[in-house]
**Q** 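Please find one structure pasted underneath; my questions will follow.
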Amino acid sequence: MATTRGFRGKRQGAEAGRVPPGQYLTSDFPVLSAGPTPRTALEAWSLVIEDTKLRELYRCSWRELLALPATEVTVDIHCVTKWTKLGTRWKGVSFDTLLEAAGTEPPSQHVMAYCDGDYTTNVPVADLRGGKGLIAYEYDGKPLALVHGGPARLLVPHLYFWKSAKWVRKLRFLNADTPGFWESHGYHIYGDPWKEQRYEGD
Amino acid sequence: MAEVLAIVGETPRAKSLVLNVPGWPGHLAGQHVDVRLTADDGYQAERSYSIASPPEQKEVVLTVERIDDGEVSPFLTGEATVGDRFELRGPIGRYFTWSPQDGGPLQLVAGGSGVVPLMAMIRHRARNGDGTVARLLYSSRTRDVIIYRDELDRLAGSDDRLGVVYTLTRESVPGWQGRTGRVDRAMLDAVAFAPELKPHVYICGPTPFVENVANLLVAQGHPPGRVKTERFGPTGGT
């Protein structure tokens with residue numbers, strides 16, 4: 001390993017084991033988005049699940065989403081731009097619960113999340129099931145702020161945070177893993193922070 | 001590995017590092033790189049920095065602003081000297097980029113060191129001589145932290161299809177030719193391309209700055225899909 005002359009750096013403390021390679025800790029909550037923050041009125045908001053043939057399997061309004069059994073999680077999140085934030089508290093509806101509400105089993109092994117602002121990201125079904133994926137609408141005990149993806153965002157904290165799509169409106173099942181927005185612009189198709197899968201080819 | 005060929009002081013807080021990167025595959029204006037530094041004991045730190053140089057330039061130039069409690073920027077702006085080497089990966093990101101074939105008009109809005117990737121676009125446009133009409137609205141706290149001011153003035157002075165407007169948010173300077181105050185609707189109406197002209201808009205800067213400008217532009221009537229943003233730093237809020 002080639003060292004950098006004169007570089008010492010700031011060592012992370014006891015929490016270092018929770019910080020994936022190449023990441024640094026932040027206590028702030030940075031905002032990264034490719035475009036302006038979209039604003040959809042809650043009355044006009046809905047969440048849709050579609051099968052691989054674009055047929056609607058489920059649709060819920062904002063009120064209906066809030067009426068579904070909620071899950072609360074405290075998780076570490078890791079952004080590909082290098083920051084890691086520990087112990088973030090979220091509340092929302094798990095993907096498992098949504099499937100139950102829809103009364104369906106996943107018809108395929110991949111999902112594309114579609115969002116206001118034309119953002120998309122692909123996530124394997126296996127990474128959403130078993131409580132791993134949430135439609136989150138509360139952060140730190142408060143309604144999720146617009147800049148952080150409110151009213152609701154996908155939360156898949158064990159993958160780099162671009163997979164936790166802000167402003168999510170639709171989950172579509174896909175027969176094959178297909179790149180979403182950042183995955184088509186040079187970023188990794190899966191994005192495991194512990195394997196440092198940041199970019200194509202990692 | 002990148003080797004430092006030269007270091008140029010840009011402002012009291014920002015320096016440009018001119019790098020030789022063997023095997024550099026070329027880049028698009030607006031892309032960034034990851035810099036990885038390794039201490040003697042193997043400890044590593046990585047950060048992303050925008051590329052300031054145009055694709056036409058053989059060397060890769062990064063302009064880095066010092067963050068006082070930072071980890072990598074104090075090294076790059078303080079410790080690094082000509083001949084030093086460090087790991088560099090890139091180019092990265094294929095969204096916040098502009099090429100002459102993307103066309104114009106080109107509306108650039110910078111907050112602080114957010115000017116760096118936009119400067120790569122301005123330099124690319126100048127080297128290419130393609131004549132796309134372009135405007136930069138560049139917000140800085142004070143006059144002395146404006147990066148690239150001489151070069152921007154020179155480019156704008158010799159090219160009537162390039163307009164550069166500065167605004168200062170924390171200083172009032174006697175005889176100042178630019179604007180003062182934060183970017184607001186009135187300032188955008190006065191100096192930025194109107195939505196009817198269908199400009200490609202690129203905004204880069206601290207999060208609250210980008211959030212504010214992007215919201216103003218969308219309210220003004222620019223389609224959100226034409227407004228590309230790159231944000232950095234703390235949210236300033238929650």
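Reckoned from all heavy atoms, side chains included, excluding hydrogens, waters and symmetry mates. Below, read A as the first sequence line, B as the second, and so on, with proteins coming before strands; counting in each chain starts at 1.
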**Q** Side chain, backbone, both or neither: which part of Thr97(B) has an atom under 4.5 Å from a heavy atom of chain A?
**A** neither

**Q** Does this structure show an ion pair linking Arg8(A) with Glu71(B), if we count only N-O contacts that are shorter than 4.0 Å?
**A** no

**Q** If you count every heavy atom of other residues, nucleotides or ligands that lies below 6.0 Å from Leu86(A) atom CG, does the total exceed 12?
**A** yes

**Q** Please round to the nearest 0.5 Å and tell me the distance separating atom OG1 of Thr207(B) and atom CG of Leu32(A).
**A**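 Here the interatomic distance stands at 7.0 Å.
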
**Q** Which one wins on heavy-atom pair count under 4.5 Å against chain B: Gln23(A), Arg39(A), Arg198(A)?
**A** Arg39(A)

**Q** Measure the CG-CZ distance between Leu76(B) and Phe7(A) for me, rounded to the nearest 0.5 Å.
**A**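 The distance works out to 9.0 Å.
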
**Q** Check whether Lys10(A) reaches the backbone of Asp69(B) with its side chain - one donor and one acceptor, N or O, closer than 3.5 Å.
**A**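 Yes.
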
**Q** For Thr26(A), is it the side chain, the backbone, both, or neither that has a heavy atom closer than 4.5 Å to a heavy atom of chain B?
**A**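 It is neither, since no heavy atom gets under 4.5 Å.
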
**Q** Let's test your reading of the structure: which of Glu79(B), Glu230(B), Lys228(B), Arg47(B) forms the most heavy-atom pairs below 4.5 Å with chain A?
**A** Arg47(B)

**Q** Check this for me: does any side-chain nitrogen of one of Arg36(B) and Glu196(A) sit under 4.0 Å from a carboxylate oxygen of the other?
**A** yes

**Q** Heavy-atom pairs under 4.5 Å with chain A are the metric here; pick the option from Leu217(B), Asp41(B), Ile203(B) that has the most.
**A**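 Heavy-atom pairs under 4.5 Å are most numerous for Asp41(B).
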
**Q** Kindly determine whether Tyr24(A) and Glu46(B) satisfy side-chain contact (heavy atoms from CB on, under 4.5 Å), including the steps that lead there.
**A** CA-CA 8 Å; Tyr24(A) 66 92; Glu46(B) 293 182 26; over 6 Å; no

**Q** With chain B as the partner, which of Ser184(A), Gly9(A), Pro21(A) has the greatest number of non-hydrogen pairs under 4.5 Å?
**A** Gly9(A)

**Q** Quick check for you: among Pro36(A), Gly186(A), Pro38(A), which has the greatest number of heavy-atom pairs under 4.5 Å with chain B?
**A** Pro36(A)

**Q** For Asp40(B), is it the side chain, the backbone, both or neither that has a heavy atom under 4.5 Å from a heavy atom of chain A?
**A** both

**Q** Can a donor-acceptor pair be found, under 3.5 Å and without considering hydrogens, that links the side chain of Arg231(B) to the backbone of Ser33(A)?
**A** yes

**Q** Within this structure, what is the CD1-OG1 distance for the pair Ile92(B) and Thr81(A), rounded to the nearest 0.5 Å?
**A**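 Ile92(B) CD1 to Thr81(A) OG1: 11.5 Å, rounded to 0.5 Å.
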
**Q** Go through the atoms of Trp83(A) and report whether side chain, backbone, both or neither lie under 4.5 Å from a heavy atom of chain B.
**A** neither

**Q** Does the Lys NZ or Arg CZ of Arg5(A) fall within the cation-pi geometry relative to Phe86(B) - under 6.0 Å from the ring centre and within 45° of the axis?
**A** no

**Q** So what's closer than 4.5 Å to chain A heavy atoms on Tyr95(B): side chain, backbone, both or neither?
**A** both

**Q** Where on Arg226(B) is there a heavy atom nearer than 4.5 Å to chain A: the side chain, the backbone, both, or neither?
**A** neither

**Q** Examine distances only and state if a side-chain atom of Thr4(A) and a backbone atom of Thr38(B) form a donor-acceptor pair shorter than 3.5 Å.
**A** yes

**Q** Of the backbone (N, CA, C, O) and the side chain (C-beta and beyond), which part of His32(B) lies under 4.5 Å from a heavy atom of chain A, both, or neither?
**A**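 Looking at His32(B), just its side chain touches chain A.
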
**Q** Over all heavy atoms of both residues, which pair between Glu200(A) and Arg94(B) is shortest? Give the atoms and the distance, please.
**A**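 Nearest pair, atom of Glu200(A) first, then Arg94(B): OE2-NH2, 3.1 Å.
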
**Q** Answer yes or no: does atom CZ of Arg141(B) have more than 12 heavy-atom neighbours from other residues, nucleotides or ligands under 6.0 Å?
**A**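 For Arg141(B), atom CZ is not crowded (no more than 12 foreign heavy atoms under 6.0 Å).
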
**Q** Can you tell me which portion of Glu211(B) sits under 4.5 Å from chain A's heavy atoms? Options are side chain, backbone, both or neither.
**A** side chain

**Q** Do any N or O atoms from the side chain of Thr229(B) and from the backbone of Gly35(A) form a donor-acceptor pair under 3.5 angstrom?
**A** yes

**Q** Taking Thr81(B), Val210(B), Val213(B) one by one, which has the highest count of heavy-atom pairs under 4.5 Å against chain A?
**A**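 Top count of heavy-atom pairs under 4.5 Å with chain A: Thr81(B).
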
**Q** Count the heavy atoms of every other residue, nucleotide or ligand shown that sit under 6.0 Å from CG of Asp118(A), and state whether that count exceeds 12.
**A** no

**Q** Using a 6.0 Å cut-off, check whether atom CD of Gln220(B) has over 12 heavy atoms from anything other than its own residue.
**A**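 Yes - once you tally the heavy atoms of other residues, nucleotides and ligands closer than 6.0 Å, there are more than 12.
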
**Q** With a 4.5 angstrom heavy-atom cut-off, could you sort out which part of Val218(B) is near chain A: side chain, backbone, both or neither?
**A**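 Only the side chain of Val218(B) comes within 4.5 Å of chain A.
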
**Q** For atom CZ of Arg66(B), decide whether the heavy atoms of other residues, nucleotides or ligands shown that lie under 6.0 angstrom number more than 12.
**A** yes

**Q** Is the number of heavy atoms from other residues, nucleotides or ligands within 6.0 Å of CZ (Arg85(B)) greater than 12?
**A**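 Atom CZ in Arg85(B) is not crowded, with 12 or fewer foreign heavy atoms closer than 6.0 Å.
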
